[in-house]
2 protein chains.
Amino acid sequence: MAKAAIASPWKNETERKTERALKREAVLAAAAHVFSERGYHRVSLDEVAQALNVTKPTLYYYFKNKEAMLFACVQHGLDMLEAAGSAAEGNGRTRLVAYLEGYAAVIETDFGRCAVRISDAELSEASRKKVRRIKSEIDRKIRQLVADGIADGSIASSDPKITAFALAGALNSIGQWHPRPSQPADRKLVDEYINLLMNGLAPR
Amino acid sequence: MAKAAIASPWKNETERKTERALKREAVLAAAAHVFSERGYHRVSLDEVAQALNVTKPTLYYYFKNKEAMLFACVQHGLDMLEAAGSAAEGNGRTRLVAYLEGYAAVIETDFGRCAVRISDAELSEASRKKVRRIKSEIDRKIRQLVADGIADGSIASSDPKITAFALAGALNSIGQWHPRPSQPADRKLVDEYINLLMNGLAPR
DNA sequence: AAACTATGTTACTTCAAAGTAGAAAAGCCG
DNA sequence: CGGCTTTTCTACTTTGAAGTAACATAGTTT
């Protein structure tokens with residue numbers, strides 16, 4: 001496939017479509033950043049616009065309204081959470097730990113924090129429905145990993161359902177507490193966290 | 001101490017003070033209920049007033065403004081969390097479990113859910129400071145219990161600080177998920193939850 | 001009774017922020 | 001060029017909810 005040796009300054013339709021998509025993503029990233037940091041209601045679209053060096057009506061060119069923007073952020077975050085650590089191999093326990101680590105990593109991103117911190121009550125009924133679908137998909141996934149672990153003897157648990165809920169909840173709390181996560185410290189936090197969940201506090 | 005055989009319809013100053021305090025508490029309870037269920041911003045004071053069969057200005061007779069109401073809710077919730085399970089005796093582990101159970105019970109109340117769900121970014125700087133003080137007091141308390149358990153050999157943990165953070169976070173997530181907690185199911189949830197935290201998922 | 005205090009109401013004002021109309025640039029194409 | 005589409009802007013309307021002024025009512029005290 002021959003590509004133009006020098007990039008043409010003129011854009012064909014495909015390129016323009018791509019550029020529009022990129023701008024839309026930039027809006028989303030800016031929104032996710034402030035939403036996750038300060039919360040949906042406390043952020044005005046004027047602020048989002050300012051952060052991007054444009055004016056508010058421009059945002060409306062890319063999104064129907066503020067809620068659509070929020071929904072896109074949450075959805076993206078949830079999609080990332082669902083896709084976390086899917087490549088892992090091994091017994092239930094190994095795969096579960098891999099997934100939890102991936103999950104924790106996502107939660108440290110703006111989109112992940114949006115997905116975790118934003119209450120679905122902010123969303124319209126239609127959006128909420130979609131969000132719930134992805135959330136229960138994630139829940140199902142964790143539950144499956146726990147069940148696999150129980151089956152192969154690598155995990156002890158009496159109730160995969162509650163366990164899955166507890167695991168997700170515990171990790172989500174990482175996203176709640178401090179608004180500005182410091183990169184180096186968090187690695188240890190997450191490791192310790194997962195270690196606690198897997199091994200508990202009982203003395204050996 | 002002789003008490004009036006029949007309640008007098010006339011009130012002395014003390015009684016009036018009490019009545020005012022009761023009404024103030026009623027406002028607070030109504031506010032905590034809706035705040036914890038739907039979130040601070042999505043609740044209007046007109047709604048709170050309506051739930052109490054009064055009008056909005058009446059609320060301003062009992063609270064300076066909306067934020068003062070929120071702060072009172074959060075503070076009350078945090079105070080309850082701090083006081084949870086303080087009476088327990090035994091080794092570190094026993095006392096920790098007792099505290100966590102109390103903590104979980106508080107989180108199922110409106111005030112507890114307020115304390116846990118409301119982001120401190122909603123509050124003014126002054127209120128936030130006070131909130132943070134109580135929160136770190138709670139954190140210190142859990143940390144102490146963990147440390148005690150480590151000292152007496154009833155708990156295995158490499159880092160009381162992170163452990164305390166994880167424990168609180170995991171329990172807090174109970175308050176996040178479902179807006180309408182069903183009483184009977186939750187007991188099992190909480191037990192399972194605490195069991196997971198104490199014993200982990202490792203097979204014996 | 002008259003004055004005072006506590007409690008509540010009606011009927012506003014104010015304000016921030018969402019959303020919009022319509023024009024102006026900028027880029028593309030016959 | 002002159003018209004077409006895409007993108008962005010300026011300048012506005014609208015709205016929802018916080019907060020307030022000023023009055024009404026009733027109980028309390030002198």
Side-chain angles (χ1 to χ4, degrees), chain A residues 4 7-28 30-31 34-35 37-73 118 121-124 127, chain B residues 4 7-28 30-31 34-35 37-73 118 121-124 127:
Chain A
S8 163
W10 289 278
K11 288 146 194 163
N12 60 25
E13 197 178 326
T14 326
E15 280 174 318
R16 270 186 282 114
K17 279 248 171 71
T18 314
E19 188 162 306
R20 183 182 160 90
L22 282 176
K23 285 185 181 173
R24 199 188 135 101
E25 274 165 40
V27 170
L28 215 56
V34 285
F35 285 166
E37 209 160 64
R38 315 222 329 272
Y40 181 59
H41 282 284
R42 265 155 305 159
V43 168
S44 78
L45 292 187
D46 277 317
E47 289 175 71
V48 177
Q50 198 165 17
L52 292 162
N53 291 317
V54 294
T55 58
K56 182 168 51 139
T58 299
L59 304 183
Y60 281 87
Y61 181 63
Y62 294 98
F63 289 91
K64 189 173 157 284
N65 53 32
K66 195 183 180 188
E67 195 243 294
M69 226 181 260
L70 179 68
F71 173 66
C73 287
I118 307 293
E122 311 276 5
L123 300 165
S124 69
S127 307
Chain B
S8 163
W10 290 278
K11 289 144 194 166
N12 62 25
E13 197 179 325
T14 326
E15 281 174 319
R16 268 186 283 116
K17 280 248 173 68
T18 314
E19 189 162 304
R20 183 181 160 91
L22 282 176
K23 285 184 181 174
R24 199 188 137 102
E25 274 165 40
V27 170
L28 214 56
V34 285
F35 285 166
E37 209 160 64
R38 314 221 330 272
Y40 181 60
H41 282 285
R42 266 155 303 157
V43 168
S44 77
L45 292 188
D46 278 317
E47 291 176 69
V48 177
Q50 198 165 17
L52 293 161
N53 292 315
V54 294
T55 58
K56 181 167 51 132
T58 298
L59 304 182
Y60 282 87
Y61 180 63
Y62 294 96
F63 289 91
K64 190 173 156 285
N65 54 30
K66 193 184 181 188
E67 195 244 293
M69 225 179 263
L70 178 68
F71 173 67
C73 286
I118 306 292
E122 311 276 5
L123 300 165
S124 70
S127 306

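Every chain is numbered from 1, with letters handed out A, B, ... down the list of sequences.
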Atom CG of A:Leu45 and atom P of C:dG19 are separated, to the nearest Å, by 7 Å

- Between A:Tyr40 and A:Lys66, is there a cation-pi geometry (under 6.0 Å to ring centre, at most 45° from the normal)? yes

To the nearest angstrom, the CZ-C1' distance between B:Phe35 and D:dA17 comes to 13 Å

Per side-chain contact (heavy atoms from CB on, under 4.5 Å), B:Leu22 is matched among B:Glu25, B:Glu19, B:Arg24 by B:Glu25

Inset, instruction - May I have the step-by-step check of side chain to side chain contact (heavy atoms under 4.5 Å, CB included) for B:Glu122 and B:Leu70, ending in yes or no? - result: CA-CA 9 Å; B:Glu122 311 276 5; B:Leu70 178 68; 3.7 Å; yes

In whole angstroms, the gap separating P of C:dA6 from CZ of B:Arg24 amounts to 16 Å

Please check this pair: side chain of A:Lys56 against backbone of A:Ser44, looking for a donor-acceptor N/O pair closer than 3.5 Å. no

B:Arg42 atom CZ is separated from D:dT15 atom C1', nearest whole Å, by 19 Å

Atom CD of B:Glu47 and atom C1' of D:dG16 are separated, to the nearest Å, by 11 Å

Here the distance between atom P of C:dG27 and atom CD of A:Glu19, to the nearest Å, is 10 Å

Could you check whether A:Tyr62 gets within reach of a base, just the sugar-phosphate, or nothing at all, counting any heavy atom under 4.0 Å?
sugar-phosphate

5'-most contact on DNA chain C (nearest-nucleotide basis), A:Ser44 vs B:Lys23, goes to B:Lys23

- Query: Hey, does A:Val43 reach any base, or is it just sugar-phosphate, or nothing, if we go heavy atoms under 4.0 Å?
  - Reply: sugar-phosphate

- Message: Under the criterion side chain to side chain contact (heavy atoms under 4.5 Å, CB included), I'd like the reasoning laid out for B:Met69 against B:Leu45: C-alpha separation, chi angles, the key distance, then a yes or no.
- Response: CA-CA 10 Å; B:Met69 225 179 263; B:Leu45 292 188; 4.0 Å; yes

note: A:Asn65, atom CG; C:dA17, atom C1'; distance rounded to Å ~ 14 Å

Q. Passes side chain to side chain contact (heavy atoms under 4.5 Å, CB included), B:Arg42 versus A:His41? Steps please.
A. CA-CA 9 Å; B:Arg42 266 155 303 157; A:His41 282 284; 3.9 Å; yes

Within residues 49-58 of chain A, those residues having any heavy atom closer than 4.0 Å to DNA chain C are A:Lys56, A:Pro57

Whole-Å distance, A:Asp46 CG to C:dA18 P, equals 7 Å

Distance below 4.0 Å between A:Tyr61 side-chain N/O and D:dC9 OP1 or OP2: no

Handout entry: Test side chain to side chain contact (heavy atoms under 4.5 Å, CB included) applied to A:Leu52 and A:Leu59, step by step
Key = CA-CA 10 Å; A:Leu52 292 162; A:Leu59 304 183; 4.1 Å; yes

Does D:dT7 have its OP1 or OP2 closer than 4.0 Å to a side-chain nitrogen or oxygen of A:Tyr60? no

- request: Look at the side-chain N and O atoms of A:Arg20 and state whether any lies under 4.0 Å from the OP1 or OP2 oxygen of D:dT6.
  value: no

